[in-house]
Protein chains: 2
Amino acid sequence: MTSKQEFIEKLRNSSLRPTKQRINICEVLFNRDKTFHFTINDLFNLIKDKTGEKVSLATVYNTVHAFLKKGYLKEIPINSNQTYFDTNVTDHHHFFDVNEEKLIDIKNEDVGPIEIQKSIPGKKIKSVEVLVKLED
Amino acid sequence: MTSKQEFIEKLRNSSLRPTKQRINICEVLFNRDKTFHFTINDLFNLIKDKTGEKVSLATVYNTVHAFLKKGYLKEIPINSNQTYFDTNVTDHHHFFDVNEEKLIDIKNEDVGPIEIQKSIPGKKIKSVEVLVKLED
DNA sequence: ACAAGAAATTAGAATAATTATAATATTAAA
DNA sequence: TTTAATATTATAATTATTCTAATTTCTTGT
Ligand SMILES: [Mn+2]
Ligand SMILES: [Mn+2]
Ligand SMILES: [Zn+2]
Ligand SMILES: [Zn+2]
């Protein structure tokens, strides 16, 4: 349970102006116990449902991208018609249920260490992600 | 170096009619030594370049999807504006160079075994893919 | 070889996610 | 309070992909 004030401070500290819209988006995204996987459309609808206030689709896109750049969200690579985002920005892995189109976290301790015995000269590793596709 | 005749037989055996367009697409996709990672647009342009014959974009989409369903191609999950496909349909992993927007195979022997110590009731594992993002 | 039916190709339209635009409103700082 | 910077918004533009429906090609049986 994070307070509105904390969101305002977090936004200010990130040089993002704490607008009503951004605070509402923070409430929906970060005021929860578990990690949250979502599409822009999911988020757009939840804002109306949970806060009762409408935020324009453009602002949802803008804010999600701003939060991505600040490192408060991350993008999950899956092939879907919509892009998936994650409030869990730590290095972790996923199940993707292809029937339900839902992402599920796999905790790091549930995956053995991943050893990559190959490297590309002049390039460094940015991230290592495992995606486990599930079906019925 | 695979011959045209072999492509024709392969198509017939898959109950896909060996049209001129499909054979050309086969030449571009499968007549190579190394694995080939591509987008629809890459392929569309290569067909013209390599065979001198034009194939409609709709047919490129249709054929890639047909080959996907037959298991001659696979889709690689990365977040990009375009979908990536792979002629290497074996279970394997990838580097994705985010600067050059290029996929590079990681051979299975270059990745230690991936142990997933979690399961979801009623769901079975369809695939396990590692994506290693690279940057300069 | 020919006819008939099935399947494939094609141009172009439709769809839908995302991004761009530019006018208006809000926020921060002086 | 004034002012400038920033944010929001409706709407238009862009673009990857899918759909449509007409035409063409392929296969099979005669
Ligand atoms: Mn898309
Ligand atoms: Mn995508
Ligand atoms: Zn996650
Ligand atoms: Zn590959």
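When reading the values below, keep in mind they use all heavy atoms of this one structure, side chains included, and skip hydrogens, waters and symmetry mates. In what follows, chains carry the letters A, B, and so on, assigned in the order in which the sequence lines appear, proteins first and then strands, with residues in each chain numbered from 1.
Residue contacts shown for A/Thr59 include a base, since a base heavy atom lies under 4.0 Å away.
Summary of the strand contacts: B/Ser15 and B/Leu57 both lie near DNA chain C, and taking for each the nucleotide with the nearest heavy atom, the more 5' one is attributed to B/Ser15. Both B/Pro18 and B/His65 lie near DNA chain D, and the one whose nearest nucleotide falls closer to the 5' end is B/His65.
Residues B/Lys123 and A/Asp97 form a side-chain contact, since some pair of their non-hydrogen atoms from C-beta on lies under 4.5 Å apart.
Rounded to whole Å, atom C1' of D/dT25 lies 15 Å from atom CG of B/Leu11. Here the P atom of nucleotide D/dA16 and the CG atom of B/Asp42 are 11 Å apart, to the nearest Å. Between the C1' atom of D/dA16 and the CD atom of A/Gln82 lies a distance of 14 Å, rounded to the nearest Å. The separation between A/Phe44 atom CZ and C/dA16 atom P is 16 Å, rounded to whole Å. Rounded to a whole Å, the CD atom of B/Glu9 is 17 Å from the C1' atom of D/dT27. The interatomic distance linking A/Lys69 (NZ) with C/dT19 (P) rounds to 12 Å, in whole Å. Atom pair B/Lys20:NZ and C/dT9:C1' shows a separation of 10 Å (rounding to whole Å applied). If you take CG of A/Asn62 and P of D/dA5, they are 20 Å apart, rounded to a whole angstrom.
Closest to the side chain of B/Ser56, out of C/dT10, D/dT17, C/dA8, is C/dT10. Checking D/dA7, D/dT8, D/dC26 against the side-chain heavy atoms of A/Arg17 singles out D/dA7 as nearest. Taking only side-chain atoms of A/Tyr61, from C-beta outward, the nucleotide of D/dC19, D/dA16, C/dT18 with the closest atom is C/dT18. Comparing atom distances between the B/Val55 side chain and each of C/dT10, D/dA16, C/dT18 picks out C/dT10 as nearest. Closest to the side chain of A/Gln21, out of D/dT8, C/dA11, C/dA20, is D/dT8. Checking D/dT11, C/dA8, D/dC19 against every side-chain atom of B/Leu16, the shortest atom distance belongs to C/dA8. Here the side chain of B/Thr19 is nearest to one of D/dT8, C/dA28, D/dC26, namely D/dC26.
Here the side chain of A/Glu9 pairs no donor or acceptor atom with the backbone of A/Glu6 at under 3.5 angstrom.
Regarding contacts with the backbone of C/dA28, a side-chain N or O of A/Arg12 is found under 4.0 angstrom from either OP1 or OP2.
For B/Asp105 and B/His37, the side-chain atoms include at least one donor-acceptor pair closer than 3.5 Å. Using modelled atom types, one finds a donor on one side chain and an acceptor on the other under 3.5 Å when comparing A/Thr39 with A/Asp42.
Note on B/Glu129 versus B/Lys74: salt bridge recorded, some NZ/NE/NH1/NH2 to OD/OE distance being below 4.0 Å.
Counting distance only, with no hydrogens placed and no angle test, the side-chain atoms of A/Arg22 and the base atoms of D/dA7 include no donor-acceptor pair under 3.5 Å.
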